[in-house]
Amino acid sequence: MASSWLTSALSGASRHPKRPEHSYSYGTAGFRTKADILEPVLYRVGLLAVLRSKAVKGSTIGVMITASHNPEADNGVKVVEPMGDMLLAQWESYATSLANAREDDLESVLQDIISKENIDMEQSANVFVARDTRPSSVSLAEVLIEGIQSLNGQYVNYGLLTTPQLHYMVRCHNTQGSYGKSTETGYYEKLTNAFTKLRQKNGGNGKGSYSNQILLDGANGVGALKVEQLKEHLKGQLDIIVNNDGSKGKLNEECGADYVKIQQRPPPEMDVKPETKCVSFDGDADRIVYFYMGKGGKFKLLDGDKIATLIAGYIQELLTEAGIQLSLGLIQTAYANGSSTHYATKMLNVPIACTRTGVKHLHHKAQEFEVGVYFEANGHGTVLFGPSVIPKLDEVCQDKSLSAGKKEAATKLRLLVDLINETVGDAISDLLVVETILYQKQWSIEEWNSSYTDLPNRQLKVKVKDRAVIQTTDAERKTTSPAGLQSAIDELVAQYNKARSFVRPSGTEDVVRVYAEADTQIAADELAAKVGVKVHELAQGVGDPPSLPS
């Protein structure tokens, strides 16, 4: 006779049947596809979240319903680990198996997970649930909760949150409040209290070019709503005007951080005056980029590379002033602009570590340092602080034998720890960190941008028969297969100044992504095209090869 929990779970699944023609895969972004085929997935993720909570002895698990920067018609769901991290790789595999199981196989898949993880089904389970502003998110949340309840899981439905806010809530709850209060008000209070204290200590003298005025592109998403709530706690310290606030226009349609970075222009709905500091969030507010219109109406983007070097440089300054020895590392992928790497190592004296593309790889690499700064070029990133950091900072702050300057620097760094959401990239937290640093330096956005100039670059895609033919090494900067491709790339790169190029297989489609940079845009365009032709030639390209610039 089946257990009551199993009967309940299978009965619920029959009300949300999976169609055989649909298949799903859980990746770094969780499950993500068209919203109208996600209902069975949400129910089964509800089951998975309860099993995960039971597996970690009742610790709270988070489930976020969002498709981030994707179009409004899409949706997705991702599971958050007890400390606010992304789901473990083994459980990603369980999620994929569960989502794709036929109804008559669902029982065996559930029993397999329970057996492999030695789960006590009598253990209590708790799940935090939140969603973005997509119209489909409301009904999908109801299905998710049905799945949670079918296995007797307890849940808290936070309703509308940014993705980083949910990650934050989960960590706060599982640390019994030592990381902060697991409420939305608690989130705003922790960040703005640290921001206010840092602003007071940094004491901008008003003699520089810093401006507290910000024109913000909210991507017509949840971030726009939450910034309005943030402003109430900031009490006028930042003058933020929110555009694309969701009152009209669709989520991520001709707006948002992804649009701004790819199109290299402001959203059409924004009236951007020359040299006005602008910020763009993505749909669930885990990415941020800055931009402005320079002289002659030229668009200027300050992406994740610029944000990362700003933050890493500031932390390096504070560590030096405080006389504290901590291992600091800036984590990049092969896509990081060569100028940012040179600036960090030669000008800021910050060590660089390169890893594979994907935020989970960056996050794991950052954990190898006592202070690990990581940002993808798309604006997703944060700073991780190891367990030794806060005790060392507190020791300096309380040491009466040290100079006031050293203790002041340690205090600032301690406040910076509170200002940063370590769990995941957080556009709101990152905005406050950047504004803190610009205020201390009294920099305008133009002065910040002038710290270094990006090398011109070009990205393109080459369709291939099977992307698996491309094998890489050295954090995806070199190819090992097919034979002859890397030597061909090396020969092409040698023909240009300050040049480099790499290729890597897409994680989602049969295409190979090509990146090239050089000292001029013409050279970068030529190099990318020539490398693309070689990929097409040696990796069984489909269709026409890339055409060379005329």
Side-chain angles (χ1 to χ4, degrees), residues 29-30 32 34-35 64-78 130-138 140 159-168 184 187 214-231 238 240-272 276-293 299 301-304 306-307 359 375-382 421 424-432 434-435:
R32 193 175 293 181
K34 295 297 181 186
M64 182 72 199
I65 300 171
T66 182
S68 190
H69 57 276
N70 281 37
E72 192 173 271
D74 293 350
N75 215 325
V77 59
K78 61 178 78 171
R131 59 181 170 84
D132 69 9
T133 56
R134 294 165 198 273
S136 59
S137 292
V138 176
L140 289 175
L160 287 172
L161 287 181
T162 69
T163 293
Q165 285 178 326
L166 180 69
H167 283 252
Y168 174 88
E184 201 173 343
Y187 168 87
I214 299 168
L215 196 58
L216 188 140
D217 162 29
N220 288 320
V222 64
L225 306 178
K226 300 310 179 184
V227 167
E228 292 295 352
Q229 292 175 247
L230 174 75
K231 286 165 64 176
L238 294 176
I240 305 174
I241 300 171
V242 181
N243 285 234
N244 298 315
D245 62 0
S247 60
K248 60 179 181 177
K250 288 186 176 182
L251 177 68
N252 294 324
E253 187 170 276
E254 294 193 317
C255 59
D258 218 42
Y259 173 87
V260 168
K261 179 164 176 56
I262 292 171
Q263 299 298 325
Q264 295 282 304
R265 62 171 178 253
E269 289 293 318
M270 290 180 73
D271 181 19
V272 180
T276 299
K277 182 166 55 180
C278 301
V279 167
S280 185
F281 287 2
D282 71 335
D284 64 338
D286 65 356
R287 295 185 187 183
I288 178 174
V289 295
Y290 275 73
F291 65 94
Y292 68 100
M293 301 304 294
F299 176 84
L301 178 73
L302 293 84
D303 62 6
K306 273 272 165 57
I307 295 171
V359 66
F375 273 81
E376 293 182 291
N378 63 25
H380 185 285
T382 188
N421 182 355
V424 71
D426 183 340
I428 289 175
S429 167
D430 293 338
L431 168 73
L432 296 178
V434 169
E435 291 303 315

Chemist: If I take atom NZ from residue Lys277 and atom CG from residue Leu238, how far apart are they, to the nearest 0.5 angstrom?
Modeler: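 Reported to 0.5 Å precision, the distance equals 7.5 Å.
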
Chemist: Suppose the criterion is salt bridge (Lys or Arg N to Asp or Glu O under 4.0 Å): which pairs have a residue in residues 280-291, not counting sequence neighbours?
Modeler: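 Every salt bridge (Lys or Arg N to Asp or Glu O under 4.0 Å) pair that includes a residue of residues 280-291, provided the two are not neighbours, is Asp258-Arg287.
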
Chemist: For the pair Lys261 (side chain) and Asp303 (backbone), establish whether a donor and an acceptor sit closer than 3.5 Å, ignoring hydrogens and angles.
Modeler: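 Not a single qualifying donor-acceptor pair exists.
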
Chemist: Please report the shortest heavy-atom distance between Phe375 and Gly304, naming the atom on each side.
Modeler: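 That would be CB-O, 3.4 Å.
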
Chemist: Nearest 0.5 Å, what's the CD1-NE2 distance between Ile307 and His380?
Modeler: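 Output value for this atom pair is 12.0 Å.
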
Chemist: Going by the rule side-chain hydrogen bond (donor to acceptor under 3.5 Å, both in side chains), which residues pair with Thr133 if we only count those two or more places apart in sequence or in a different chain?
Modeler: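 With neighbours one apart ignored, the set is empty.
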
Chemist: Does Ser68 offer a backbone N or O that forms a donor-acceptor pair with the side chain of Asn252 under 3.5 Å?
Modeler: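 Pair found, side chain donor or acceptor close to backbone of Ser68.
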
Chemist: Rounded at 0.5 Å granularity, tell me how far CE in Met64 sits from CG in Leu161.
Modeler: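 Here the interatomic distance stands at 6.5 Å.
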
Chemist: One pair to check against salt bridge (charged side-chain N to carboxylate O under 4.0 Å, His left out): Arg32 and Asp74. What are the steps and the verdict?
Modeler: CA-CA 7 Å; Arg32 193 175 293 181; Asp74 293 350; over 6 Å; no

Chemist: Taking only residues two or more places apart in sequence or in another chain, which ones pass side-chain hydrogen bond (donor to acceptor under 3.5 Å, both in side chains) with Asn220?
Modeler: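 Counting only residues at least two positions away or on another chain, Asn220 forms no side-chain hydrogen bond (donor to acceptor under 3.5 Å, both in side chains).
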
Chemist: To check you understand the geometry: which heavy-atom pair defines the closest contact between Ile240 and Lys231, and what is its length?
Modeler: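 So the two residues come closest at O-NZ, 2.8 Å.
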
Chemist: Is Leu140 close to Arg131 at the side-chain level, that is, under 4.5 Å between some pair of heavy atoms?
Modeler: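 No. Closest side-chain heavy atoms not under 4.5 Å.
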
Chemist: Please round to the nearest 0.5 Å and tell me the distance separating atom NE2 of His167 and atom NZ of Lys78.
Modeler: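 Between His167 NE2 and Lys78 NZ, I get 5.5 Å after rounding to 0.5 Å.
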
Chemist: Should we say atom NZ of Lys250 is surrounded by more than 12 heavy atoms from elsewhere, each under 6.0 Å from it?
Modeler: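 No, the 6.0 Å shell around NZ holds no more than 12 heavy atoms from other groups.
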
Chemist: Where the side chain of Asn244 meets the backbone of Asp217, is there a donor-acceptor pair that is under 3.5 Å apart?
Modeler: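 Pair absent, no side-chain N/O of Asn244 close to backbone of Asp217.
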
Chemist: For Asp132, check side-chain hydrogen bond (donor to acceptor under 3.5 Å, both in side chains) against everything at least two apart and list the hits.
Modeler: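 side-chain hydrogen bond (donor to acceptor under 3.5 Å, both in side chains) list for Asp132, sorted by chain: Thr66, Arg134, Ser137.
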
Chemist: Decide yes or no for Tyr259 and Glu253: does some side-chain heavy atom of the first lie under 4.5 Å from some side-chain heavy atom of the second?
Modeler: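 Of all side-chain heavy-atom pairs linking Glu253 with Tyr259, none is under 4.5 Å.
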
Chemist: Please report the interatomic distance CD(Gln165) to CD(Glu184), rounded to the nearest 0.5 Å.
Modeler: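 Those atoms lie 5.0 Å apart.
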
Chemist: Would you find a donor on one side and an acceptor on the other, under 3.5 Å apart, between the side chain of Lys226 and the backbone of Leu160?
Modeler: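 Pair found, side chain donor or acceptor close to backbone of Leu160.
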
Chemist: Taking the side chain from Ser280 and the backbone from Val260, do they hold a donor-acceptor pair closer than 3.5 Å?
Modeler: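 No, the answer is negative, given that no donor and acceptor are paired below the 3.5 Å cut-off.
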
Chemist: With heavy-atom distances below 4.5 Å as the criterion, would you say the side chains of Val279 and Ile288 are in contact?
Modeler: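 When only atoms from C-beta onward are counted, Ile288 and Val279 do touch, with a gap below 4.5 Å.
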
Chemist: With a 4.5 Å limit on heavy-atom distance, are the side chains of Val227 and Phe281 in contact?
Modeler: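 Side-chain contact under 4.5 Å: yes.
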
Chemist: Going by the rule ring-ring contact (aromatic ring centres under 6.0 Å, His included), which residues pair with Tyr187 if we only count those two or more places apart in sequence or in a different chain?
Modeler: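 Partners of Tyr187 under the ring-ring contact (aromatic ring centres under 6.0 Å, His included) test: Tyr168.
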
Chemist: Quick check: do Val434 and Leu302 have side-chain heavy atoms less than 4.5 Å from each other?
Modeler: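 With C-beta onward as the side chain, the pair stays apart.
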
Chemist: Rounded to the nearest 0.5 Å, how far does CG of Leu251 lie from NE2 of His69?
Modeler: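 The NE2 atom of His69 sits 11.0 Å away from the CG atom of Leu251.
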
Chemist: Do you know the tightest heavy-atom contact between Ala285 and Pro164?
Modeler: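 Residues Ala285 and Pro164, closest heavy atoms: O-CG, 3.3 Å.
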
Chemist: For Asn243, which residues count as a side-chain hydrogen bond (donor to acceptor under 3.5 Å, both in side chains) partner, sequence neighbours excluded?
Modeler: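 If we apply the side-chain hydrogen bond (donor to acceptor under 3.5 Å, both in side chains) test to Asn243, skipping adjacent residues, there are no hits.
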
